[in-house]
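As C-alpha cells, the structure follows; a few thoughts come after it.
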Amino acid sequence: MAIVFSKKSGLNDDLWKVTDQVVRAVLMDTDNEKNNDDELVKSLFNIKKSDKFGEKMTGLTEMANFDIVDEGDNGVQDELQQGFSKLIEHKQFIKTFVCTAEMNEDGDIDTMKTAAANFVRAYKRTRAQYASDALTAEGESFMFGGKSLDKTTGDAKALFATDHPGKKSGVAAQSNVFTNGFGTDSKMLNRLANIGRNFKNASGNVMGYTFDTIVIPGNCPELEDTVKKIIKSDLTVGSNYNDVNTQKGLWNLVVNHRWVAAEGKAPYIIMSSEANKELSGSVFFDRIPLTMKDWVEEKSFNLNWSGRARMSAGFFDWRHVILGGADLGTTLS
C-alpha cells in the first residue's frame, strides 16, 4: 500500500496555505494512540523469533496407565507415536510513503520524524490487529489485508470447533466452541472452565489445566461490567444471598480493543495461560521486525519511505482456549 503526501492532493490544506504564513504542524509522538498493542499480543500469544520461512511444530502421544501383571510376567508393551503437526508460514507486510519535494520544502513540518512515528504506529497496530483477528475469528480461516489466512490447528480443524479428534483410537471428539452467552452471573463461566479443565489430550488423558484469563471485545461495555463484578466482588454477583464469590481472584481480564463484536453480539474467550504456554497453543512468530528504508527519487526529488516486516500468527493446539457466545457451536442445556 502506498501513500502520497502532497499539496495538490487537497488533503493537507492545513499544512499549506497560499498566504504569508505557513502553518506549523504540531507533531504527535508515537504514543498518541493510547492502546497498548504490544501488551495485547503478549497477553494472548506466545511470542517467538524465527529464522526460517515458517515453523513446524509437532508432538508425541502419551503412554497408557501402568498395568498390574502377575509375578514373572512381562509388562504390556506401549508405544509412542507422532501427534498432530502444524506448519505456520510467515507473511510479508509492506507499507510505503511518498512526500513530494514541494511538500517537504514548504510545509514546514519535520516530515522524517512524522513518517517514522506513523510507521511505528501502523506497524504496532497491524501486528495487534493481525493477532486479534487470527484468534477471535470463527471458522477455519480469517480475512486480513484482503487475504484469506489459515487458522486451523494441528488436527486440521478450526481453532474453535465442535469435533476436535484424538490421535489414538477410541478418543472421543471434543468441542471448545459454545453458543451460550456469558450470562449475568458466574454459572456459565464456571461451567466452561470445568469443561476446559477436563479436556483430554491426543491419547485420551484428562489434562487438568486451570483456566485463568477472560478475553472480551472492546465494544461490549455491559459484558465488561459483568465480568469485572464477577471476578472482583466478595459475594456472589446477581444473588440476594451472602454466598462467597468462588470466582474472585481466579481470573485476569483482557479487554481486546482490536476485537469488535457485531451489533447485538457479545462473544467471549476463556483461556488457560499455562496451557497456552506449555502446549504452544497460540503462537506469534516475528521473522523480520519492522525494517525501514528511505531514499530520494532522482527525477522528482520526492522523499520515499518503505517499511517491511514478516510475521505469522498460528495455532498448534486448541486446548488452551474456549469460545463462548459463538454463532455456531455446541449449545449447553
Side-chain angles (χ1 to χ4, degrees), residues 1-3 33 35 37-38 40-48 50 53-55 57 86-96 118-119 121-164 175-179 215-220 223 254-269 271 276 281-290 307-318 320-329:
M1 181 177 181
I3 297 174
E33 294 181 8
N35 299 312
D37 289 323
D38 288 342
L40 176 65
V41 180
K42 288 179 182 179
S43 66
L44 300 178
F45 282 78
N46 298 293
I47 300 177
K48 302 177 181 292
S50 174
F53 82 96
E55 295 287 344
M57 294 174 286
K86 179 65 180 180
L87 174 64
I88 300 175
E89 296 186 37
H90 309 314
K91 306 295 186 297
Q92 178 175 239
F93 296 76
I94 294 180
K95 173 79 69 178
T96 61
N118 272 277
F119 266 107
R121 284 195 296 268
Y123 168 66
K124 290 186 176 184
R125 188 189 318 117
T126 300
R127 195 167 173 269
Q129 191 68 63
Y130 175 45
S132 175
D133 289 358
L135 176 64
T136 61
E138 296 186 46
E140 296 181 354
S141 63
F142 68 103
M143 295 297 298
F144 192 85
K147 303 288 186 181
S148 178
L149 304 177
D150 171 71
K151 67 162 298 181
T152 58
T153 65
D155 63 7
K157 299 292 184 180
L159 174 64
F160 300 112
T162 60
D163 55 350
H164 288 291
S175 174
N176 71 330
V177 56
F178 300 88
T179 61
V215 186
I216 63 173
N219 66 330
C220 296
L223 176 60
V254 177
V255 180
N256 181 354
H257 55 276
R258 298 298 175 196
W259 184 11
V260 180
E263 186 175 356
K265 304 288 185 179
Y268 56 96
I269 292 171
M271 180 177 73
N276 189 27
S282 302
V283 187
F284 194 101
F285 290 105
D286 284 309
R287 175 66 176 91
I288 301 292
L290 175 62
R308 177 179 179 271
R310 286 181 69 194
M311 51 191 162
S312 61
F315 310 94
F316 172 57
D317 209 298
W318 57 269
H320 63 296
V321 284
I322 294 174
L323 174 64
D327 291 331
L328 299 174

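Note that these values count all heavy atoms, side chains included, but never hydrogens, waters or copies made by symmetry. Computed from a predicted structure; not experimentally measured.
- Every residue two or more places apart in sequence or in another chain was checked for a side-chain hydrogen bond (donor to acceptor under 3.5 Å, both in side chains) with Thr162, and none qualifies.
- Contact between Val177 and Ala326 at its shortest, heavy atoms only, is CG2-CB, 3.5 Å.
- The CG atom of Leu159 lies 6.5 Å from the NE2 atom of His164; values are rounded to the nearest 0.5 Å.
- Between atom CG of residue Leu290 and atom OG1 of residue Thr126 there is a gap of 9.5 Å, rounded to the nearest 0.5 Å.
- Within a 6.0 Å sphere centred on CG of Leu328, heavy atoms belonging to other residues, nucleotides or ligands number 12 at most.
- Across His320 and Asp317, no two heavy atoms sit closer than the pair CE1-O, 3.2 Å.
- The heavy-atom pair separating Ala313 from Tyr130 by the smallest distance is N-OH, 3.1 Å.
- Note: Leu40 CG to His257 NE2 = 5.0 Å, rounded to the nearest 0.5 Å.
- Within a 6.0 Å sphere centred on NZ of Lys91, other residues, nucleotides and ligands contribute more than 12 heavy atoms.
- Relative ring orientation between Phe284 and Phe45 is described as perpendicular, the plane-to-plane angle rising above 60° on a 0-90° scale split at 30° and 60°.
- Contact record, Ser282 with Leu135: OG-CD1, 4.1 Å, taken as the closest heavy-atom pair.
- Among residue pairs with one or both ends in residues 139-158, those qualifying as salt bridge (Lys or Arg N to Asp or Glu O under 4.0 Å) are Lys86-Asp150, Lys157-Asp163; sequence neighbours excluded.
- When the salt bridge (charged side-chain N to carboxylate O under 4.0 Å, His left out) test is applied to Glu55, the partners found at least two apart in sequence or on another chain are Lys52.
- The only option from Asn176, Ile322, Thr153 that meets the side chain to side chain contact (heavy atoms under 4.5 Å, CB included) definition with Phe160 turns out to be Asn176.
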